[in-house]
Protein chains: 2
Amino acid sequence: MAPRVMTPALLEELSERFKALGEPARLQLLAALRQGEHSVSDLVAITGLGQANVSKHLQLLCSAGFINRRKEGTFAYYALADSEVLQWCDLMCGRIEAEQRERRAALKLSRA
Amino acid sequence: MAPRVMTPALLEELSERFKALGEPARLQLLAALRQGEHSVSDLVAITGLGQANVSKHLQLLCSAGFINRRKEGTFAYYALADSEVLQWCDLMCGRIEAEQRERRAALKLSRA
DNA sequence: TCTATATTCTACTATCCAGTTATATATGAC
DNA sequence: GTCATATATAACTGGATAGTAGAATATAGA
C-alpha cells in the first residue's frame, strides 16, 4: 500500500492477486508445486481435482504471476515463479495458529 | 505452507484470509486505516462506499483478524490489528510493478 | 419520555466463479 | 493417414457474495 497512490486500477490489480490465493484448490496446487515442477496430469493425480478444473486454476495462477508454464510435447509443466508466495502462506498460517492459541487461552481463562 | 501438513481445514482457513484481501473495497478500507483508527462514517466518507456495505466489509476484515473494533458511544472505531497486512500489500504492489516493467521491456524489444 | 444519530441486521437482486461435462486442439506413435 | 494421450476451451449449473434498501438496535442528548 505504501507511500503510493492507490488508484482504482491498482486496487483492482492487487485484489486480483489476493483473490487468486483465496481458493483452497489453488493453494493446494501451489502446495503441490512446492516440491518442484509438475505436469497437469500429475497435479490432477496429486490433488484429486478434475482435469479441466486444474487446468483453469493453473491458468489463473499463471496470469497472476505466481507460476510459470513450460510446454514439452503434449505435456504442460507448471512450476512456482518464485518462493515468495509460499512464504506468504507460511506467514498467514502463523497468524492463524497464533489466533487459535489466543482463542484457546481465552477459553481456559474463562473457565478458570 | 511450509513443512506442515495442509489439511483441508487449514486450506479453508488460509484461503478465507486471502479471500478477505481479494476485494478492492476492502483493500481501500485497509489503505484508509493506514493513517490510523477511523469510525464507520469516516470510512464511508473517505471511500465513497455505501454505509451498510462498509459495515459488512469491516466485519469481514475483523473476523479475518486484520482489524480490530472499539466501540465508543454510538460510534465504532476500527483500526489495523498490525502492520503485516500492509507490508503484504506493498510487496504485492512491488510484484505488479515489476511485471509491468517486464511487459514494457518486452514490448520495446519486440519493436526494436 | 421523545428525537436524532451511528451502526448493524435482514432481505433481496445481480453478478461472479468453482466445478462438471463434453468438445476441441495438439502432439506423438503406429 | 488413424488412434491415443495431454491439455485447453466452451457451455452450463449451483452456490457464494457484493451491493443496496429498509428495518432494527443502541446510545446520547433535549
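These numbers come from a predicted model, not from an experiment. Chain A is the first sequence line, chain B the second, and so forth, proteins listed ahead of strands; every chain is numbered from 1.
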With a non-hydrogen cut-off below 4.0 angstrom, is B:Y78 in contact with a base, only sugar-phosphate, or nothing? sugar-phosphate

CA sep, side-chain torsions, deciding dist, call: A:M6, B:R34, side chain to side chain contact (heavy atoms under 4.5 Å, CB included): CA-CA 12 Å; A:M6 294 298 278; B:R34 171 183 283 274; over 6 Å; no

Out of C:dT7, D:dG19, D:dA8, minimum distance to the side chain of A:S55 belongs to D:dA8

When the nearest nucleotide of DNA chain C is assigned to A:E72 and to B:T74 on a heavy-atom basis, which residue is associated with the more 5' position? B:T74

Chi angles and distances behind the side chain to side chain contact (heavy atoms under 4.5 Å, CB included) call for A:Y78, A:L61: CA-CA 10 Å; A:Y78 288 89; A:L61 287 170; over 6 Å; no

So which of residues 60-68 of chain B are in contact with DNA chain C, with a heavy-atom cut-off of under 4.0 Å? none

Return the value, rounded to whole Å, for the distance between atom CG of B:N53 and atom C1' of C:dT10. 15 Å

For DNA chain D, find the residues of residues 43-52 of chain A with a heavy-atom distance under 4.0 Å and give them by number; none if there aren't any. A:Q51, A:A52

Can you check side chain to side chain contact (heavy atoms under 4.5 Å, CB included) on A:M92 and B:W88, steps first, answer last? CA-CA 10 Å; A:M92 196 67 95; B:W88 291 345; 3.0 Å; yes

What is the distance from NZ of A:K71 to C1' of C:dG28, rounded to the nearest Å? 12 Å

Check each of B:D42, B:I46, B:L43 against B:V54 using the side chain to side chain contact (heavy atoms under 4.5 Å, CB included) test, and report the only one that passes. B:L43

Need to verify one output field. Residue with the more 5' nearest nucleotide on DNA chain C, A:E23 or B:S39? B:S39

Base, sugar-phosphate alone, or nothing: which one does B:K56 contact when heavy atoms must sit under 4.0 Å apart? base

Between B:H57 and D:dG19, does any side-chain N or O lie under 4.0 Å from OP1 or OP2? yes

Side-chain N or O of A:R26 less than 4.0 angstrom from OP1 or OP2 on C:dC17? no

In whole Å, I'd like the distance from the CZ atom of B:R69 to the C1' atom of C:dA6. 11 Å

For the pair made of OH in B:Y77 and P in D:dT27, what is the distance, rounded to whole Å? 15 Å

Would you say A:S41 reaches D:dT5's phosphate, i.e. side-chain N/O to OP1/OP2 under 4.0 Å? no

